[in-house]
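Written out below as structure tokens is the structure these notes cover.
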Amino acid sequence: MTLPLVLVLNGPNLDRLGTRQPEVYGRTTLGELEALLAGRGAGLGLAVECVQSKDADGLIRALAERRPAAVVINPASLTHHSFPLRDALAACGAPVWEVHLSNIHAREPFRRRSLVSPIARGVVCGFGPAGYIAALEAAAAWLAAVAKEGDG
Ligand code: DQA
């Protein structure tokens, strides 16, 4: 049986997690975060694939190529200005959960606007790496509910 694919997308500068403003983003590296998600995904019966890109093109390409069952995304700064990424997420046909490590509402005003939130099924911010796990669990629950509907 093929496991449903959850694509975890990370935007620009998140490759520098661990050393990038640790007082804001914490000390967990992207490698550690991806390993955490792969482990939790396996426990939930999901195939988790992680892609990080410094630009919207890389994330949009990953969406088109992988055709995931669900998407967990931290669009980073693309959150606030990328219409192409938002359109690609809206068109991909998979439910989207948006994650931010920091509380974007308690920072500079420009971070409060997300172009992704209106098309996301859920948004989590300010919980650090735990937010990604919460989003993955929400995706697993949603996929299980859809599979059950299909059986019934
Ligand atoms: C971020 C918040 C964004 O405003 C910022 O540009 C990032 C990271 C977060 O995870 O808190 O790069 O998405």
Side-chain angles (χ1 to χ4, degrees), residues 3-44 46-143:
L3 299 178
L5 173 65
V6 178
L7 189 58
V8 177
L9 298 174
N10 278 296
N13 299 312
L14 294 172
D15 53 330
R16 294 169 52 216
L17 282 180
T19 52
R20 174 195 179 199
Q21 295 176 276
E23 69 286 2
V24 178
Y25 299 116
R27 296 210 176 268
T28 306
T29 66
L30 184 61
E32 289 166 348
L33 178 61
E34 291 180 348
L36 205 67
L37 289 165
R40 187 66 189 114
L44 291 166
L46 302 172
V48 172
E49 242 186 276
C50 298
V51 173
Q52 190 273 333
S53 173
K54 66 176 173 13
D55 56 30
D57 280 3
L59 301 180
I60 293 169
R61 201 171 317 118
L63 272 174
E65 284 171 5
R66 309 295 208 288
R67 305 172 63 86
V71 178
V72 170
I73 182 166
N74 182 346
S77 57
L78 299 171
T79 308
H80 316 299
H81 68 86
S82 179
F83 290 102
L85 178 60
R86 174 213 162 104
D87 281 355
L89 287 165
C92 78
V96 174
W97 281 269
E98 177 186 356
V99 178
H100 301 281
L101 292 152
S102 66
N103 179 358
I104 56 173
H105 302 289
R107 299 182 64 196
E108 301 94 324
F110 77 87
R111 293 187 202 276
R112 289 186 203 138
R113 181 179 83 142
S114 168
L115 298 179
V116 174
S117 296
I119 58 90
R121 193 161 285 271
V123 182
V124 52
C125 74
F127 286 81
Y132 285 80
I133 299 290
L136 195 61
E137 289 175 350
W142 186 88
L143 289 167

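Worth knowing before you read on, the calculation uses all heavy atoms, side chains too, and leaves out hydrogens, waters and symmetry mates. FYI, the numbering just counts along the sequence from 1. Indexing begins at 1, ligand by ligand and atom by atom, following the structure's order.
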| said: Tell me if the CZ atom of Arg20 is crowded by more than 12 foreign heavy atoms within 6.0 Å. | reply: yes
| query | Within the structure, does Leu101 bring an N/O atom to less than 3.5 angstrom of an N/O atom in ligand 1? | reply | yes
| Part of His100 with heavy atoms under 4.0 Å of ligand 1, whether side chain, backbone, both or neither | both
| request: Please report the C-alpha distance between Val6 and Leu143 in whole Å, then the side-chain angles of each, then the deciding distance to 0.1 Å, and finally whether the side chain to side chain contact (heavy atoms under 4.5 Å, CB included) criterion is met. | output: CA-CA 10 Å; Val6 178; Leu143 289 167; 4.1 Å; yes
| remark: Rounded to the nearest 0.5 angstrom, the CG-CG distance for Leu85 and Leu9 is 8.0 Å
| message | In the structure I gave you, are the side-chain heavy atoms of Leu63 and Leu89 within less than 4.5 Å of one another anywhere? | response | yes
| In the protein, what heavy atom is nearest to atom 11 (O) of ligand 1, and what distance, to one decimal place, separates them? | Ser102 OG, 2.6 Å
| task | Would you kindly specify which portion of His81 sits under 4.0 Å from ligand 1, judged on non-hydrogen atoms: side chain, backbone, both or neither? | result | neither
| query | Counting heavy atoms only, which part of Asn74 comes closer than 4.0 Å to ligand 1: side chain, backbone, both or neither? | reply | side chain
| Purely on distance, is any nitrogen or oxygen of Arg107 under 3.5 Å from one on ligand 1? | no
| Where Pro12 and Gln52 come nearest, the two heavy atoms and their spacing | CA-NE2, 4.0 Å
| query | Any chance CZ of Arg107 has more than 12 other-residue heavy atoms, nucleotides or ligands included, within less than 6.0 Å? | reply | yes
| said: Please evaluate residues Asn13 and Tyr25 with respect to the criterion side chain to side chain donor-acceptor pair (under 3.5 Å), reporting the C-alpha separation (whole Å), side-chain torsions for both, the decisive distance (0.1 Å), and the verdict. | reply: CA-CA 11 Å; Asn13 299 312; Tyr25 299 116; over 6 Å; no
| remark: Of Gln21, Arg16, His80, the residue with the heavy atom nearest atom 3 (C) of ligand 1 is His80
| Residue-ligand contact Ile104/ligand 1, heavy atom below 4.0 Å | yes
| task | Apply side chain to side chain donor-acceptor pair (under 3.5 Å) to Thr79 and Glu98, showing your working. | result | CA-CA 9 Å; Thr79 308; Glu98 177 186 356; 4.7 Å; no
| Which of the atoms of ligand 1 are close to Arg20, meaning less than 4.0 Å from one of its heavy atoms? | 7 (C), 12 (O)
| query | Has ligand 1 got any nitrogen or oxygen that is less than 3.5 angstrom from a nitrogen or oxygen of Thr79? | reply | no
| task | Could you find the nearest protein heavy atom to atom 5 (C) of ligand 1 and give me its residue, atom name and distance? | result | Arg111 NH1, 3.2 Å
| Side chain, backbone, both or neither: which part of Val99 has a heavy atom under 4.0 Å from ligand 1? | neither
